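Data first, discussion second: the structure below is written as structure tokens.
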Amino acid sequence: MSSSMTKADMEREIKQLAPFHHRVALPHGLSTYDAASSLRRREKTRLDALTRHAFPRLLELCGGSFEGKRVIDVACNCGGFSVEAARLGADYVLGFDVADRYLEQANFIKQALELDNVEFRKMAMEDCSDESIGSYDVAFCFGILYHLENPVFAMKQLASVTSDIMLVDASVIKTPLNPRAMWKMNVPKVVESEDKSTTALWRSEQRCQFKPNAKAVIELLKFLGFSTVEIIRPRKSGLELRYYTRKRVSFLARR
Ligand SMILES: C[S@@+](CC[C@H](N)C(=O)[O-])C[C@H]1O[C@@H](n2cnc3c(N)ncnc32)[C@H](O)[C@@H]1O
């Protein structure tokens, strides 16, 4: 890995922008993970765990790589998954988020890795449309479904720009076998504005959110026009515990 940024430049930026939600490998043997400023253990594992869990099957469906694909990464945070798609050969990747600080982090990573096939933009999922951003072969919808105030509307907007595959990774409520589709409402505490944690910056206003069970995610994706929806089963070991306890599930939907 090489970059025109010096090691000292990168170290300074990492310190200034930390903590990052994704541990992204950078040139000069550096990474965005900074143990001293890390606030949650997951910052070290998130990117690696989900790519190891879900990307092999996704790439299989894509013919082995993202070559020739346009990929959209919703609620991208500091952009680790966008960068992964760019590295795996996507023609073009658009990552977007609502929080300026995360986009600043994402643009630093893009610059450090000298990636020209990825772009980061400030935008809300609810504003996805063909007119605003065009159409994508593959959509990443990670860590956002259960935070949305209007999940069906927002997912409809995302589906309208997704021509082939949507990968959804979400926290779900556990329900008995053969359950009905269900959503549980939750009004989380407002996060103090000085809280710099890597997934909380946008939660300074009161919001209402809905957590689905797995059946509800499957039904929603079918309602949005995907003909097949599969649950990716966790590999034997090496993932975050929540994938094994089925509190976190990845769904692969195809047109
Ligand atoms: C739990 S983090 C998930 C980050 C990343 N996708 C992942 O899975 O690791 C949720 C992210 O959603 C962003 N966000 C919240 N509401 C959003 C919205 N309506 N549209 C786009 N991004 C949103 C937040 O700023 C935050 O970066």
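Not measured: the values here are computed from a predicted model. Reckoned from all heavy atoms, side chains included, excluding hydrogens, waters and symmetry mates. Atoms within each ligand, like the ligands themselves, are counted from 1 in listed order.
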Any donor-acceptor N or O pair under 3.5 Å, side chains His147, Gln209 | yes
Per-atom contacts, ligand 1 versus Phe81 - under 4.0 Å to a heavy atom | 7 (C), 9 (O)
Do Arg70's NZ or CZ and the ring of Tyr92 fall within the cation-pi criteria of under 6.0 Å and 45°?
-> no
Taking atom types as modelled, is there a side-chain donor on Thr45 or Asp48 under 3.5 Å from an acceptor on the other?
-> no
Flag Arg46 as yes when one of its N or O atoms lies below 3.5 Å from any N or O atom of ligand 1, and as no otherwise.
-> yes
Output yes when the distance from some N or O of ligand 1 to some N or O of Glu126 is under 3.5 Å, and no in every other case.
-> yes
Is ligand 1 under 4.0 Å from a heavy atom in the side chain of Ile144, in the backbone, in both, or in neither?
-> side chain
Asp130 and Ser135: side chain donor to acceptor below 3.5 Å | no
Is His21 touching ligand 1 with its side chain, its backbone, both, or neither, if touching means heavy atoms under 4.0 Å apart?
-> side chain
Would you say Ala75 has any N or O atom under 3.5 Å from an N or O of ligand 1, going by distance alone?
-> yes
Would you say His22 and ligand 1 have an N/O pair spaced under 3.5 Å apart?
-> yes
Would you mind running through ligand 1 and noting each atom that sits below 4.0 Å from a heavy atom of Asn77?
-> 4 (C), 26 (C), 27 (O)
Would you say the side chains of Gln157 and Ser129 form a donor-acceptor pair under 3.5 Å?
-> no
Does Glu230 come within less than 4.0 Å of Arg254, counting only side-chain N to carboxylate O?
-> no
Counting each atom of ligand 1 from 1 as listed, which ones have a heavy atom of Gly143 under 4.0 Å away?
-> 1 (C), 2 (S), 3 (C), 8 (O), 10 (C)
Distance from Lys122 atom NZ to Asp127 atom CG, nearest 0.5 Å?
-> 12.0 Å
Check the side chains of Arg23 and Thr32 for a donor-acceptor pair under 3.5 angstrom, ignoring hydrogens and angles.
-> no
Taking heavy atoms and a distance under 4.0 Å, where does Phe142 meet ligand 1: side chain, backbone, both or neither?
-> both
Met123: numbered ligand 1 atoms lying under 4.0 Å from its heavy atoms = 21 (C)
Purely on distance, is any nitrogen or oxygen of Asp97 under 3.5 Å from one on ligand 1?
-> yes
